[in-house]
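What follows is a set of notes on a single structure, which appears directly below.
In each ligand, atom 1 is the first atom listed, and ligand 1 is the first ligand listed.
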Amino acid sequence: MNEIVAIVPGTFDPVTNGHLDIIKRAKRIFNHIIVAVAVNAGKTPLFSFNERVEITKGVVKSDIELRDVTVEGVKGLLIDFAKKRKAKVIVRGLRAVSDFEYELQMAFMNRRLNEEIEMIYLMPYIKYSFLSSSIIKDVYLNGGDISNFVPDLVVKAMNKKIGRRSTQ
Ligand code: ADP
């Protein structure tokens, strides 16, 4: 059987248990998973590009279920990166209908750019369906406990980042 490489792209600002759920589901289907951390010029991330790559790498490395998953930072078009890595599939998570419109636009655009790469959508476990990196940041900034929603390493990274910010 052909080896199928799948890319799981995102901003990962920061990576949450919802992202990990999607990566694990993808891993059960495809032979090799590359998590692609995007620069994302359209958003103003809390964590820098390098920090997001490093945190995501650290989280993936410390999870035995994610053995063999690789993490790479991606600058430029995702579809070009996918082609370079010989990936056939891009996997995205769909939480709610609100994700759908944006994903549909992106899927059609990606198809225009490269017809050979398919976008595939996976639904997370229901308990993660409300979770987003933005909500995590909001909760954290307002003093809430995020430890049930993100890996320990992310809590540590948030402590370091926000702690440093508040002293500036
Ligand atoms: P982007 O800016 O590319 O949307 P995100 O890091 O916000 O990057 O999300 C990356 C991918 O992970 C998207 O497909 C998004 O729908 C999915 N995702 C994010 N949070 C969750 C979650 N809680 N459950 C399922 N999928 C999720």
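Among V60, L20, D63, I34, the one residue that satisfies the side-chain contact (heavy atoms from CB on, under 4.5 Å) test with V69 is V60.
For the 3.5 Å distance criterion, the side chains of H19 and T56 fail to qualify, holding no donor opposite an acceptor. Between the side chains of D145 and S147, at least one donor N or O sits under 3.5 Å from an acceptor N or O.
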N/O to N/O under 3.5 Å, ligand 1 against protein:
| unit_1 | atom_1 | unit_2 | atom_2 | d |
| --- | --- | --- | --- | --- |
| ligand 1 | 2 (O) | T11 | OG1 | 2.6 |
| ligand 1 | 2 (O) | N40 | ND2 | 3.3 |
| ligand 1 | 2 (O) | K43 | NZ | 2.6 |
| ligand 1 | 3 (O) | R92 | NH1 | 3.0 |
| ligand 1 | 3 (O) | R92 | NH2 | 3.3 |
| ligand 1 | 4 (O) | R92 | NH2 | 3.1 |
| ligand 1 | 6 (O) | T11 | N | 3.1 |
| ligand 1 | 6 (O) | F12 | N | 3.0 |
| ligand 1 | 6 (O) | H19 | NE2 | 2.9 |
| ligand 1 | 8 (O) | T11 | N | 2.9 |
| ligand 1 | 8 (O) | T11 | OG1 | 3.4 |
| ligand 1 | 9 (O) | H19 | NE2 | 3.4 |
| ligand 1 | 14 (O) | R92 | NE | 3.2 |
| ligand 1 | 14 (O) | G93 | N | 2.9 |
| ligand 1 | 14 (O) | G93 | O | 3.4 |
| ligand 1 | 16 (O) | G93 | O | 2.7 |
| ligand 1 | 20 (N) | R95 | NH1 | 3.3 |
| ligand 1 | 23 (N) | Y128 | O | 2.8 |
| ligand 1 | 23 (N) | L131 | O | 2.8 |

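With respect to E118 and R111, a salt bridge is recorded, a charged nitrogen being found less than 4.0 Å from a carboxylate O. Looking at K137 and D13, a side-chain N of the basic residue comes within less than 4.0 Å of a carboxylate O on the acidic one, giving a salt bridge.
Annotation: side chain to side chain donor-acceptor pair (under 3.5 Å) contacts of S62 (sequence neighbours excluded): none.
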